[in-house]
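Letters go in sequence order (proteins before strands), and every chain restarts at 1.
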There are 2 protein chains.
Amino acid sequence: MQSEIRKYLEKHGVRPSLQRLAVMEYLRTHRTHPTVDEIYEALSPQIPTLSRTTVYNTLNRLVEQGAILVIDIDKGNRRYDGFTEFHAHFLCDRCGVLEDIAVEDSHFVGQHTPPGAQIRDVQLLYKGVCAGCRQKESKNIA
Amino acid sequence: MQSEIRKYLEKHGVRPSLQRLAVMEYLRTHRTHPTVDEIYEALSPQIPTLSRTTVYNTLNRLVEQGAILVIDIDKGNRRYDGFTEFHAHFLCDRCGVLEDIAVEDSHFVGQHTPPGAQIRDVQLLYKGVCAGCRQKESKNIA
DNA sequence: TCTATTTTTGTAACGATTACAAAAATGTAA
DNA sequence: TTACATTTTTGTAATCGTTACAAAAATAGA
């Protein structure tokens, strides 16, 4: 596990420090698209000296090097995705859960390019209300 | 023109005050996906007493009522879109320009819904470098 | 070991957005 | 019209995620 993460970082030109390994491994083992604070809180017990700034720095570096993706949704906190293969996301407006959606990419990638432009990234986001929140709301009304 | 904007607001349950009409009309006549500040600066000459807070309030209200869309891209400022029919966007990483892209919506809307969820909005964003910025960069290198 | 470079850390600053309360505008009823 | 209630606007202060910065710690190379 750890050695795979190490190779993954090196492949993307990121030196595998303790903190970077921990952040990268967290993203690879938690497909919840966590925020900076969620990552910081989760890793603090293991790395008591960890600083929030380090988490910010690390994530920014990983994004620059193409090792992870940023997802900017709604207001507030940025979220991160350790898996860069093309896939869509579903965001629940109510509880904020953000899920992966498998999508055939042929309809998106390489399509709809403005003349002369070069596309580097395609983001497809579905927004709405998840099954759980719909159930809660229907109970409240009834 | 003005009366159409007025009808549009009323259709969405928003009372057509002077400020709201101005913001809504600005979005319908400038398809540049402006930021709060761009809207504020543009309308200040016409409405000298205009407050930035009013622009924020108005935009939030319009979004709530489904009259306009928010686009959260990268870090920094939120951008607004006065046209709610489905279309994709292209964002230039370099100059920040955000353009509409006409897209056949059959591949997206109503597709890929997680079980039990209700979809309200679909956002498709292409990121890359626009024709103009590519040209500038190739000149700098040569 | 010694030295240069990179990384981490904590604090302070920044900036977009929101909270809040007062002032202004608008609507309604007599 | 007047009086009163409601909505909207406005300006300031607060909030909060993120970044800037400089010192401390860790790491790499000779």
Side-chain angles (χ1 to χ4, degrees), chain A residues 5-6 9-10 12-26 33-65 67-81 91 93 96 98, chain B residues 5-6 9-10 12-26 33-65 67-80 91 96 98:
Chain A
I5 301 290
R6 184 180 300 272
L9 290 183
E10 284 166 352
H12 286 89
V14 178
R15 288 198 183 162
S17 71
L18 177 72
Q19 290 83 347
R20 288 169 180 173
L21 281 166
V23 169
M24 191 67 232
E25 184 173 30
Y26 186 84
H33 313 90
T35 62
V36 168
D37 265 30
E38 284 165 356
I39 298 171
Y40 173 75
E41 296 296 339
L43 298 181
S44 279
Q46 312 166 31
I47 310 175
T49 65
L50 185 65
S51 161
R52 219 175 291 264
T53 302
T54 299
V55 180
Y56 276 104
N57 290 341
T58 298
L59 291 168
N60 286 341
R61 175 74 66 95
L62 291 172
V63 171
E64 279 170 22
Q65 302 294 335
I68 66 174
L69 298 176
V70 206
I71 310 168
D72 286 293
I73 48 158
D74 273 344
K75 55 181 162 252
N77 315 25
R78 210 171 282 183
R79 300 172 72 156
Y80 295 89
D81 191 332
L91 169 69
D93 284 333
L98 185 60
Chain B
I5 301 289
R6 184 179 300 270
L9 290 183
E10 282 166 354
H12 286 88
V14 178
R15 287 199 185 163
S17 71
L18 177 72
Q19 291 83 345
R20 289 168 178 173
L21 281 168
V23 169
M24 191 66 231
E25 184 175 29
Y26 186 83
H33 314 90
T35 62
V36 168
D37 265 31
E38 284 166 357
I39 297 169
Y40 172 74
E41 296 296 340
L43 298 181
S44 278
Q46 311 166 34
I47 310 175
T49 64
L50 185 65
S51 160
R52 219 174 293 263
T53 301
T54 300
V55 180
Y56 275 103
N57 290 343
T58 299
L59 290 168
N60 286 342
R61 175 72 66 94
L62 291 172
V63 171
E64 277 170 22
Q65 302 295 335
I68 66 175
L69 297 176
V70 206
I71 309 170
D72 285 293
I73 48 160
D74 273 343
K75 53 180 164 256
N77 314 26
R78 210 171 282 182
R79 300 173 70 156
Y80 296 88
L91 169 69
L98 185 59

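- The separation between Leu59(A) atom CG and dT8(C) atom C1' is 14 Å, rounded to whole Å.
- Judged by distance alone, the side chain of Arg20(B) and the main-chain N or O of Arg15(B) form a donor-acceptor pair under 3.5 Å.
- Minimum heavy-atom separation, Ala22(A) to Ile47(A): CB-CD1, 3.7 Å.
- As rounded to whole Å, 18 Å separates atom P of dT7(D) from atom CG of Leu9(B).
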Going 5' to 3' along nucleotides 12-22 of chain C, which nucleotides have protein heavy atoms under 4.0 Å from the base (write B), which only from the sugar-phosphate (write S), and which from neither (write -)?
-> ----SBBB---

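- Side-chain nitrogen and oxygen atoms of Ser51(B) include none within less than 4.0 Å of the OP1 or OP2 phosphate oxygen of dT9(D).
- Using a 4.0 Å cutoff on non-hydrogen atoms, the parts of residues 12-23 of chain B near DNA chain D are Arg15(B), Ser17(B), Gln19(B), Arg20(B), ordered by number.
- Pairing each heavy atom of Glu38(B) with each of Pro34(B), the nearest pair is OE1-CA, 3.0 Å.
- Thr58(A) places none of its side-chain heavy atoms less than 4.5 Å from the side chain of Met24(A).
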Applying side-chain contact (heavy atoms from CB on, under 4.5 Å), run through Arg6(A) and Leu21(A) and close with a yes or a no.
-> CA-CA 7 Å; Arg6(A) 184 180 300 272; Leu21(A) 281 166; 3.6 Å; yes

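- Residues Ile5(A) and Glu25(A) share a closest heavy-atom pair of CD1-CA, 3.9 Å.
- Side-chain contact check for Tyr80(B) versus Ile71(B): every heavy-atom pair is 4.5 Å or farther apart.
- Put simply, the side chain of Leu62(A) reaches to within 4.5 Å of the side chain of Leu9(A), judged on heavy atoms.
- Taking atom CZ of Arg6(A) as the reference point, atom P of dT27(D) lies 11 Å away to the nearest angstrom.
- Between the CD atom of Glu64(A) and the P atom of dT18(D) there is a distance of 16 Å, given to the nearest Å.
- In this structure, the CD1 atom of Ile47(A) is 16 Å from the P atom of dT7(C), given to the nearest Å.
- Rounded to an integer number of Å, the gap from CD1 of Ile71(A) to P of dG17(D) is 18 Å.
- In terms of heavy-atom proximity, Tyr40(A) sits nearest to Leu50(A) at CE1-O, 3.4 Å.
- Put simply, CD on Gln65(B) is 14 Å from C1' on dT7(D), counting in whole angstrom units.
- Contacts of Thr35(B) with the nucleic acid, taken as non-hydrogen atoms under 4.0 Å apart, are absent.
- We find that CG of Leu62(B) is positioned 14 Å from C1' of dT8(D), with the value rounded to whole Å.
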